[in-house]
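Below, all heavy atoms of this structure are taken into account, side chains as well, without hydrogens, waters or symmetry copies. In what follows, residues are counted from 1 in the order of the sequence shown.
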Amino acid sequence: MNDFEQINSIVQKMEDIIEDKKEEETVTVEETAVEEGRIEVKQPGNLEAIVEGLLYIVGDDGVKVEQLANTIEMSIEDTQVILDNIQRKYASEIYGIELVGYGKVYKFISKNAVYPYAQELFHTAKSNALSQSAMETLAIIAYKQPITRVEIEELRGVGADMMLRKLQARNLIREAGRSEAPGRPILYEVTEEFMDSFKLYTLNELPDLPEYTSDETEELFD
């Protein structure tokens, strides 16, 4: 049984518990590239707008610079300039989202100022309305807390930054200090709201993990 199947099994057990406006000085890479003959414009349009649309489509998974460069048929250098321009644009306080690049993977996320309102928005949401991805992430945190984002991503095999923000907004998880690992990443743990949502007095009431061989268990949780 692979990691994903093991996580799904855990989730099932848990579910059983609860029935600029762009700046004037910004470089227009597309125009420069066309003038220098490095690209051929397929159709009229703003490449930055196209990249923004692509970033929106990929969502929480994000996209690498190389992937974007291949998609819009530009050099990595010019694509990076486009990303830098978009990043500067959304740094303005008039926007509620920002562009971040973790390990050269770029994605849009909401700004910290949005969190209190997101908490209010999700305040009345029921725990059984959580998505499969949310339940998988919660299961990992509940069984392994405190745990870092990178450790969660290694177990799930997908990016977890946006999901962690959503779960924080719903007050189901919280920051629990920082790891001693390089870069001192943030540690996460579940909250009292999580305990209430799942009708738990202590985490000891969580169902036992499925019986796997020691190697499989170590691979999933070590």
Could you grab the distance from atom CG of L164 to atom CD1 of I141, nearest 0.5 Å is fine? 5.5 Å

Paired with T71, the side-chain contact (heavy atoms from CB on, under 4.5 Å) test is passed by just one of I50, T79, V63, L54, namely L54

Is any side-chain heavy atom of S197 closer than 4.5 Å to a side-chain heavy atom of L172? yes

Check the pair D78, Q80 against side-chain contact (heavy atoms from CB on, under 4.5 Å), reporting the backbone distance first and the verdict last. CA-CA 5 Å; D78 286 341; Q80 184 64 60; over 6 Å; no

Look at the side-chain heavy atoms of Ile, Leu, Val, Met, Phe, Trp and Tyr, link any pair under 4.5 Å apart, and say whether I109 and V158 land in one connected group. no

Output the distance between atom CD (E153) and atom OG1 (T137), rounded to the nearest 0.5 Å. 9.5 Å

Judged by modelled atom types alone, do E66 and N70 share a side-chain donor-acceptor pair under 3.5 Å? no

Hey, is the main chain of A69 close enough, under 3.5 Å, to the side chain of E73 for a donor-acceptor pair? no

Roughly how far, to the nearest 0.5 Å, is the CZ atom of R88 from the CG atom of L99? 11.5 Å

Answer yes if the side chains of E151 and Y188 hold a donor-acceptor pair under 3.5 Å, and no otherwise. no

Should L203 and Y143 count as side-chain neighbours, where that means a heavy-atom distance under 4.5 Å? no

Y115 atom OH, neighbour heavy-atom count above 12 within 6.0 Å: yes

Is there a side-chain contact between L83 and V51, using heavy atoms and a 4.5 Å cut-off? yes

Hydrophobic cluster membership, with links at side-chain heavy-atom distances under 4.5 Å among I/L/V/M/F/W/Y: are M135 and M162 in one? no

Between V150 and E154, is the side-chain contact (heavy atoms from CB on, under 4.5 Å) condition met? List the steps. CA-CA 6 Å; V150 172; E154 288 176 348; 3.8 Å; yes

Supply the atom-to-atom distance Y95 OH to K111 NZ, rounded to the nearest 0.5 angstrom. 9.0 Å

Under the side-chain contact (heavy atoms from CB on, under 4.5 Å) rule, what do L187 and E175 come out as? Steps first, then yes or no, please. CA-CA 6 Å; L187 291 165; E175 295 182 8; over 6 Å; no

Here the gap from L47 atom CG to I86 atom CD1, rounded to the nearest 0.5 Å, amounts to 9.5 Å

Does NZ or CZ of R170 fall inside the cone over F194's six-membered ring, less than 6.0 Å from its centre and within 45° of the axis? no

Report yes if the side chains of I82 and M74 come closer than 4.5 Å at any heavy-atom pair, otherwise no. yes

Please work out whether the ring planes of Y90 and F108 are parallel, tilted or perpendicular, with thresholds of 30° and 60°. perpendicular

N-O pairing of R165 and D161 below 4.0 Å: yes

Can you find a side-chain donor-acceptor pair between E136 and S133 that sits under 3.5 Å? no

Do K89 and E48 sit within salt-bridge range, that is, some charged N less than 4.0 Å from a carboxylate O? no

side-chain contact (heavy atoms from CB on, under 4.5 Å) assessment of Y106 paired with Q87: CA-CA 10 Å; Y106 285 82; Q87 208 162 36; 4.2 Å; yes

Is the shortest distance from a Lys or Arg side-chain nitrogen in R174 or E189 to a carboxylate oxygen in the other one below 4.0 Å? yes

Would you say E205's side chain and T202's backbone share a donor-acceptor pair under 3.5 angstrom? yes

Measuring from atom CD1 of I152 to atom CE of M163, what distance do you get when rounded to the nearest 0.5 angstrom? 11.0 Å

